[in-house]
Structure formats: structure tokens, C-alpha cells
Enquirer: 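Let me begin by handing over the structure; questions about it come next.
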Amino acid sequence: MPRVLRIAAAQQGPNLENDSRQVIVARLLEMMKQAKADNCDLVVFTETALTTFFPRFYADDRAEMDPWFERDMPNDATRPLFDFASENKIGFSLGYAELTPEGRHFNTQILVDKDAKIVGKYRKVHLPGHAEYEDRRAFQHLEKRYFEPGDLGFPVWRTMGGVMGMCICNDRRWPETYRVMGLQGVELVMLGYNTPSLNGLGGTDTPEIRMHHNHLSMQAGAYQNATWVVGVAKAGEEAPGYHLMGGSCIVDPDGRIVARAETEDDELVIHDCDLDTCKFLKQSTFDFAAHRRTEHYGPIVEQTGATPPPE
Ligand code: CDV
């Protein structure tokens, strides 16, 4: 099995509110075709790739949001991606809003192998934002209203010659996300993000500092767990006053950005990722079995908020 995977991060320009699934999937398919023409093994699409980022909309009745969700995967709209994958032997990872037969709502990412088989499913654990309408915000971020936290943990899968895992957007900011996968020997973490260029609450964040946070989180996660990380944006103005950052990138196990998007549009960011380059740090600085001191890590799982010492 070759250990060099040619990976395309398929950044997307904005999905507008009225764009149909068919129009959006045609764009994704075009990027898959370009990736195949460039001999890629795997294409990574973003979070909620099939729709606009609807958690910016408020509805009293959350069922009004159900049309943004997929009840089956593949379905009629996404089947062209699966057909292309199996006919051309190319894998992909795709983010979408999932509505289960039991009526549960998740922010989901799947991993599809070169025979178009869904080999992995991840459901977003860290849901940012809020559950009720908040007047003080320039725009809403209602993920806590429309999704429940993922119930699958952070699994990894041995597929396409490597050990692969996924997370979604806000998950990338939490070291625990990468470490749980690192403890399973992950060699490639794939993630998509919809990240506004400004904080809806105002504050001192500039678009530049937010881009810095974006890359810093992924670079740290990659280095500290000796894994490749592929981060894929949905970028640009999805609505007036609602601008999403780009900056899609591929990060090597040393934490270096080795390829990066230059636009805020549909754009492939391609790199030959040698999974064997994970080995050196996994066997030295980050040889977890040799160096971790779990007897001191209790608070990480025992408490959520910080408890500073008394004044
Ligand atoms: N889709 C996201 O999870 N977005 C968050 C925003 C709200 C900060 C993120 O962490 O990028």
C-alpha cells in the first residue's frame, strides 16, 4: 500500500440561501474531477458543504430548519459524488447536516473510500454559539439550537493506507479533539469549517487575528500529535454582513502549513502527504507511551470550567 496520499482540500466559495443542492453538488463534482485529473487520492470538502450555513437563521420552531438537513446519505442530490468516486477510484470526505430516522439532528462529516463506501462517520462534539435568539449579536450562531452534540466520540479508521479521523470546525480549537485521535495513532485529521471573519459579539478580534487562531489551532494539533491536518473552509460572503474566512490549508506533522488557499472561492489546495513522516515524532518527542503522565491529567476529564485559586 503506498503511504503517500495526494490530498485535495476542496475549499468552497459561499453557498447562497437559494442555491439548490444540485447547483452546489455540481460545484463539488467539478472540484472532484479537477482533483482526479491532478491524480489526487482523496478530496476533503467542508462543513455543511451542501447548504448555506443556516445556523445564522433563527426560527421559533426548529422544525423549520429541517429542509437544510439530509435524511439519507447518499441521496439523490449527492449520488453523483459517490458515482464519480467509485468510477474513478478517489476517496472523499463530506460535511452535511444529518437528520436521523429517529429525528435526531447532528452536524456530521463522513469519510468515503475509493469504492464509494462510507467507511467513517463523525458527529460534531463541540457546538459553538447559543440556543436562543440574542439581540446583542451582529448575527446569530444557533448551532446549540439546531444540533445535538455528537454521540460517536472521535473515532479513527484504517483506510486508504492510513489511520484517519475527522472533526468539524470549532472542534479544531480544542486540544482534546486531536489528542483523543492521537491516542489512536491518527495520521490524518480532516476537518471543514464555516468561520465568520468577525466575532458576532464584537470585541477586539480582527479578521487577521481570527485567521491566526484558525491556523494556530490546526498547526498545534498537527505537531503535538504528529499527524497531518487538512482544514477546509467555506469562504466568502454567504449573505450581506456575513463573511466567512478562507485560509484552507494542509499542515504537516511538524505543524508547518505546506499548502494554502489563495482565494475565497472554490479552490483546490493540493499536497502529497507522506503518512510515514508521522513516524519520527510519534516515536520520539510524542512517544505517548513513554512520556505522558496521566496521573496529573485528571482535571481535563473531571471538570469543564476553570477554577482559579481563591483570591
Ligand atoms: N462552525 C463553527 O463551528 N464556527 C465557529 C465559530 C462560531 C467561532 C468556529 O469555531 O470557527
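Atoms within a ligand are numbered from 1 in the order they appear, just like the ligands themselves. Since this is a predicted model, take the numbers as computed values, not measurements.
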Enquirer: Do L152 and V125 have side-chain heavy atoms sitting under 4.5 Å apart?
Expert: no
Enquirer: If you count the atoms of ligand 1 from 1 in the order shown, which ones are under 4.0 Å from a heavy atom of E47?
Expert: 1 (N)
Enquirer: Counting each atom of ligand 1 from 1 as listed, which ones have a heavy atom of N194 under 4.0 Å away?
Expert: 1 (N), 2 (C), 4 (N)
Enquirer: Does R56 make a cation-pi contact with F139 (under 6.0 Å, within 45 degrees of the axis)?
Expert: no
Enquirer: Which ligand 1 atoms does F53 reach within 4.0 Å, using its non-hydrogen atoms?
Expert: 1 (N)
Enquirer: Looking at atom 2 (C) of ligand 1, what's its closest protein heavy atom, distance included?
Expert: C169 SG, 2.8 Å
Enquirer: Only heavy atoms of N170, strictly under 4.0 Å: list the atoms of ligand 1 that pass.
Expert: 3 (O), 9 (C), 10 (O)
Enquirer: Under 4.0 Å, counting heavy atoms only: does P128 come that close to any atom of ligand 1?
Expert: yes
Enquirer: For atom 8 (C) of ligand 1, which of K124, E143, H141, R173 has the closest heavy atom?
Expert: R173
Enquirer: Assess R292 against Y297: is NZ or CZ under 6.0 Å from the centre of the six-membered ring, and within 45 degrees of the ring's axis?
Expert: no
Enquirer: Check each heavy atom of Y193 against ligand 1 and say whether those closer than 4.0 Å belong to the side chain, the backbone, both or neither.
Expert: neither
Enquirer: Is any side-chain heavy atom of K124 closer than 4.5 Å to one of E143?
Expert: yes
Enquirer: Nearest to atom 11 (O) of ligand 1, what protein heavy atom do you find, and at what distance?
Expert: T195 OG1, 2.6 Å
Enquirer: Might you confirm whether atom CG of D76 has over 12 heavy atoms from other residues, nucleotides or ligands at distances under 6.0 Å?
Expert: no
Enquirer: Taking N194 for the side chain and E47 for the main chain, is one N or O donor matched with an acceptor at less than 3.5 Å?
Expert: yes
Enquirer: Mind telling me whether W174 and H126 have parallel, tilted or perpendicular rings, with 30° and 60° as the class edges?
Expert: parallel
